[in-house]
Amino acid sequence: AATLERACKVHPIAALQSEYSLWTRDVETQGNLAAARRLGVSLVPYSPLGRGFLSGVWSKPGEIPEGDRRRDMPRFQGGNFEQNIRMVDALKGIAKRRGVTPAQLALAWVLAQGEHIVPIPGTKRVKYLDENLAAMDVVLSKEDVAAIDDVFPEWHGVVSPPEVVFAGGPVSTDAVIALARWRPAEVEGFVQILDDLGTIDLADDPLAIGASLQSLRVFAGYAGWSPG
């Protein structure tokens, strides 16, 4: 948000492109959604359908075609897939009650976050293009939005590409213990990654605490972990 504000002081900014969907809500937690609205900047969300997942086309990982890069994304794998598909199933239920498709409901939710939002869902087929365009006619009530937010709470979405997961520096193994209450099965693998990268002692480096916890938060979001 601060970067966007500084940029607007240097030159008029027409639009900010960022990933934004029901399960990727960084722009909310980082303040960019509110900042764009306040500064008169359009927000252009890419992957507003969660890279296709929110359309409800898959029910198990094996249905994703061979060679599809999504097979390499943690949110489309194993236990993470199972957890996420439960949320998509709940989304399908809400969509059915409204008489729309899950994709239309997911896009309508994005559009409901502000008049300055212009999502850009991708598709290769005309029928899906028509389906996506029809989402503009879906008007959600406050009750609809609340029901959807109950399924996809704000903390669920912090998704970043793997190359920036450790942008703040590798975190200590001790810090990973905090993740145990979220997804214990995955923590062991994460600790192995830390062992491979090397760790830092948070107690000896106060400045590293914030950066390390940020890396931990981003990694958790990218993997699709959530409290509970």
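Heavy atoms only, all atoms of each residue included: Ala103 and Glu131 are closest at CB-OE2, 3.4 Å. The two residues Ala112 and Leu140 come nearest to each other via the heavy atoms CB-CD1, 4.5 Å. Among all heavy-atom pairs drawn from Gln104 and Ala135, the shortest one is O-CB, 3.7 Å. Leu39 and Glu5 make their closest contact through CD1-CG, 3.8 Å (heavy atoms, listed as atom of the first residue, atom of the second, distance). Pro48 and Pro45 get closest at one heavy-atom pair: CD-O, 3.9 Å. When all heavy atoms of Gly78 and Pro61 are compared, the pair lying nearest together is N-CG, 4.4 Å.
Taken from NZ in Lys92 to OG1 in Thr101, the straight-line distance is 11.0 Å, to the nearest 0.5 Å. Taking CG from Asn132 and CG from Leu49, the interatomic distance works out to 6.0 Å, rounded to the nearest 0.5 Å. Atoms CD1 and CG, on Ile94 and Asp89 in that order, are 11.5 Å from each other to the nearest 0.5 Å. Between atom CG of residue Leu4 and atom NZ of residue Lys9 there is a gap of 11.0 Å, rounded to the nearest 0.5 Å. For the atom pair Thr3 OG1 and Gln30 CD, the distance stands at 10.0 Å (nearest 0.5 Å).
In this structure, the side chain of Arg98 engages the main chain of Val139 through a donor-acceptor pair within 3.5 Å. Using a distance-only test at 3.5 Å, with no hydrogens or angles considered, no donor-acceptor pair links the side chain of Thr24 to the main chain of Ser21. One N or O on the side chain of Arg70 and one on the backbone of Arg51 form a donor-acceptor pair closer than 3.5 Å. For Arg71 (side chain) and Pro65 (main-chain N/O), a donor-acceptor pair under 3.5 Å exists by modelled atom type.
When each of Leu107, Val151, Leu91 is paired with Leu22, the side chain to side chain contact (heavy atoms under 4.5 Å, CB included) condition holds for Leu91 and for no other.
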For this session: List the steps, then state whether side-chain contact (heavy atoms from CB on, under 4.5 Å) holds for Leu105 with Arg97.
Result: CA-CA 11 Å; Leu105 188 65; Arg97 292 195 296 273; over 6 Å; no
Exercise. Asp149 and Arg25: salt bridge (charged side-chain N to carboxylate O under 4.0 Å, His left out), yes or no, with the steps?
Worked result: CA-CA 11 Å; Asp149 283 339; Arg25 300 175 67 170; 3.5 Å; yes
For this session: Determine, stepwise, if the pair Arg75 / Phe81 fulfils side-chain contact (heavy atoms from CB on, under 4.5 Å).
Result: CA-CA 6 Å; Arg75 282 193 167 188; Phe81 187 101; over 6 Å; no
For this session: Check the pair Asp68, Phe76 against side-chain contact (heavy atoms from CB on, under 4.5 Å), reporting the backbone distance first and the verdict last.
Result: CA-CA 11 Å; Asp68 191 310; Phe76 292 84; over 6 Å; no
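Neither Tyr46 nor Leu43 shares a network with the other; the hydrophobic side chains, linked directly or stepwise wherever heavy atoms of I, L, V, M, F, W or Y lie under 4.5 Å apart, form separate groups for each. The hydrophobic clustering, which links ILVMFWY residues whose side-chain heavy atoms are closer than 4.5 Å, places Val44 and Val41 apart. Connection of Val118 to Val138 is not established within any shared hydrophobic cluster, with ILVMFWY side chains joined at heavy-atom distances below 4.5 Å, either directly or through further cluster members. Phe152 and Val57 end up in the same hydrophobic cluster when Ile, Leu, Val, Met, Phe, Trp and Tyr side chains are linked at under 4.5 Å. Under the 4.5 Å side-chain heavy-atom criterion for grouping Ile, Leu, Val, Met, Phe, Trp and Tyr, Tyr128 is not connected to Phe53 through any hydrophobic cluster.
A heavy-atom distance below 4.5 Å is found between the side chains of Leu33 and Tyr20. Residues Arg37 and Asn32 fail the side-chain proximity criterion, which asks for heavy atoms closer than 4.5 Å. Looking at heavy atoms from C-beta onward, Asn84 lies in side-chain contact with Met87 at the 4.5 angstrom threshold. Proximity of Trp58 to Val88: side-chain heavy atoms (C-beta onward) are nowhere separated by under 4.5 Å. Between Val27 and Glu19 there is no side-chain heavy-atom pair separated by less than 4.5 Å.
Donor-acceptor pairing under 3.5 Å is recorded for the side chains of Ser141 and Asp144.
Environment of CD in Glu63: crowded, with over 12 heavy atoms of neighbouring residues, nucleotides or ligands closer than 6.0 Å.
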